[in-house]
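Everything below concerns the one structure shown next.
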Amino acid sequence: MTDKYAVIGNPIGHTKSPLIHQTFARQSGQDLEYTAIEGRPGGFREDAEAFRRAGGRGMNVTAPFKLDAFAYATDLTEQARLAGAVNALKFEGDRILGQNFDGIGLTRDIVHNLGAPLRGSRVLLLGAGGAARGAMLPFLEQKPARLLLVNRTLGKAQALFEQFKPYAEGEFAYASYPELADAAADFDLVINATSASLRGELPPVHTRVFAHASLVYELAYGKGLTPFLSLARGAGGARLADGVGMLVEQAAEAFAWWRGVRPATADLIKTLTVPLA
């Protein structure tokens with residue numbers, strides 16, 4: 001019998017998940033069906049339960065339902081618990097397992113695909129929302145020499161800092177954007193985990209933060225040269241990347257979690273990449 005999987009979100013028409021997972025299934029010889037479900041606002045639990053009772057084996061979860069999925073899961077991984085959100089579910093009998101692969105996929109893309117080591121590096125992470133929260137544990141597990149968390153609302157950055165401080169081995173700090181202007185701009189890696197690029201806006205950073213960076217990474221994907229990446233390009237020779245690799249890598253992690261087989265990702269990332277121009 002063909003196993004059933006799905007992605008749930010709202011809106012969902014733009015999703016690349018069915019293409020990604022169907023490609024993984026063909027590549028690895030897995031017999032599965034993967035569909036997209038437009039979840040109803042306020043109706044996540046009922047929609048997820050309907051899919052599970054119809055024989056669903058697992059789901060990817062995208063906006064705006066990651067918090068709903070966190071509450072729905074009966075068992076959470078440490079990564080999901082610390083992230084405070086779930087982007088993948090696995091159904092095993094009466095158990096509903098919740099995991100968050102966003103930060104794991106981001107870390108794998110940076111380290112393995114882009115060849116930018118986090119271990120021993122100086123990292124600037126912009127934003128303290130859900131994307132940054134999901135990235136914190138995987139980043140800190142890589143043991144960067146320095147991780148600076150910057151956010152418009154200093155209280156949110158401080159709360160994230162306090163939660164993850166026990167996991168840090170190198171220098172770990174937080175700051176506001178005005179404080180960043182006075183900080184030592186010697187970052188190897190600069191990552192935009194804010195939602196600014198989704199609105200065509202720019203985080204309030206100066207070009208000096210890119211002065212020593214070898215990689216500048218934009219979590220938004222498929223938007224070409226965003227204002228953030230454009231600012232970085234004008235600042236010098238850092239390599240630029242958007243989040244398409246993160247998208248594919250977190251999907252590959254979910255696929256491996258469900259099926260026990262980790263698919264190759266390089267060709268699919270190339271297929272989905274929008275030139276940064």
Return the [atom1] to [atom2] distance between [X] and [Y], rounded to the nearest 0.5 Å.
| X | Y | atom1 | atom2 | answer |
| --- | --- | --- | --- | --- |
| Ile191 | Ile110 | CD1 | CD1 | 4.0 Å |
| His14 | Thr62 | NE2 | OG1 | 5.5 Å |
| Asp188 | His212 | CG | NE2 | 9.5 Å |
| Gln79 | Ile104 | CD | CD1 | 5.0 Å |
| Thr207 | Arg233 | OG1 | CZ | 15.5 Å |
| Ile37 | Thr35 | CD1 | OG1 | 5.0 Å |

Is [Y] reachable from [X] through a run of hydrophobic residues whose side-chain heavy atoms are each under 4.5 Å from the next?
| X | Y | result |
| --- | --- | --- |
| Val244 | Phe228 | no |
| Leu140 | Leu124 | no |
| Phe210 | Leu215 | no |
| Leu229 | Val209 | yes |
| Ile269 | Val216 | no |

Parallel, tilted or perpendicular, as decided by the 30° and 60° cut-offs, for the rings of Trp257 and Phe101: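 The rings of Phe101 and Trp257 stand perpendicular, inter-plane angle above 60°.
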Can you tell me how the ring of Tyr174 sits relative to the ring of Phe161, calling it parallel under 30°, perpendicular over 60° and tilted otherwise?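 Ring orientation of Tyr174 relative to Phe161: tilted.
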Minimum heavy-atom separation for [X] and [Y], please, with both atom names.
| X | Y | answer |
| --- | --- | --- |
| Asn10 | Gly39 | ND2-O, 2.7 Å |
| Asn192 | Ser197 | ND2-OG, 3.4 Å |
| Ala254 | Ala88 | CB-CB, 4.4 Å |
| Leu240 | Ala232 | CD2-CB, 3.9 Å |
| Leu82 | Phe164 | O-CZ, 3.6 Å |
| Ala36 | Pro18 | CB-CG, 4.2 Å |

Would a distance-only check, ignoring hydrogens and angles, find a side-chain to backbone donor-acceptor pair under 3.5 Å from [X] to [Y]?
| X | Y | result |
| --- | --- | --- |
| Asn151 | Ala128 | yes |
| Arg122 | Asp186 | yes |
| Arg262 | Ala252 | no |
| Thr2 | Asp31 | no |
| Ser195 | Leu198 | no |
| Ser230 | Leu225 | no |
| Asp242 | Gly222 | yes |

Is the distance between the ring centroids of Tyr167 and Phe139 under 6.0 Å?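 Ring centroids of Tyr167 and Phe139 are no less than 6.0 Å from each other.
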Carefully, step by step, assess Ser121 and Leu189 under the rule side-chain contact (heavy atoms from CB on, under 4.5 Å). CA-CA 7 Å; Ser121 293; Leu189 177 61; 5.5 Å; no
Is there side-chain contact between [X] and [Y], with heavy atoms separated by less than 4.5 Å?
| X | Y | answer |
| --- | --- | --- |
| Phe255 | Ile20 | no |
| Met246 | Asp102 | yes |
| Glu249 | Thr107 | no |
| Phe187 | Leu148 | yes |
| Phe70 | Val61 | no |
| Tyr217 | Leu114 | yes |
| Leu32 | Arg259 | yes |
| Leu126 | Tyr177 | yes |

Verdict with supporting geometry, Leu154 and Glu179, side-chain contact (heavy atoms from CB on, under 4.5 Å): CA-CA 10 Å; Leu154 190 59; Glu179 290 170 327; 4.0 Å; yes
I'd like to know if Glu49 and Arg53 make a salt bridge, using a cut-off of under 4.0 Å between side-chain N and carboxylate O.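 A salt bridge is present here (some side-chain N lies under 4.0 Å from a carboxylate O).
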Between Glu253 and Arg108, is a side-chain contact (heavy atoms from CB on, under 4.5 Å) present by the stated rule, with each step listed? CA-CA 10 Å; Glu253 293 290 335; Arg108 184 172 178 87; 3.8 Å; yes
Under the criterion side-chain contact (heavy atoms from CB on, under 4.5 Å), I'd like the reasoning laid out for Arg133 against Gln163: C-alpha separation, chi angles, the key distance, then a yes or no. CA-CA 10 Å; Arg133 182 177 296 276; Gln163 180 183 1; 2.3 Å; yes
Salt bridge (charged side-chain N to carboxylate O under 4.0 Å, His left out) for Asp47 and Arg40? Distances and angles first, verdict last. CA-CA 7 Å; Asp47 292 338; Arg40 297 168 297 155; 2.9 Å; yes
If the condition is ring pair (Phe, Tyr, Trp, His ring centres under 6.0 Å), which residues does Phe44 pass it with, not counting sequence neighbours?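 Listed in chain order: Phe65, Tyr72.
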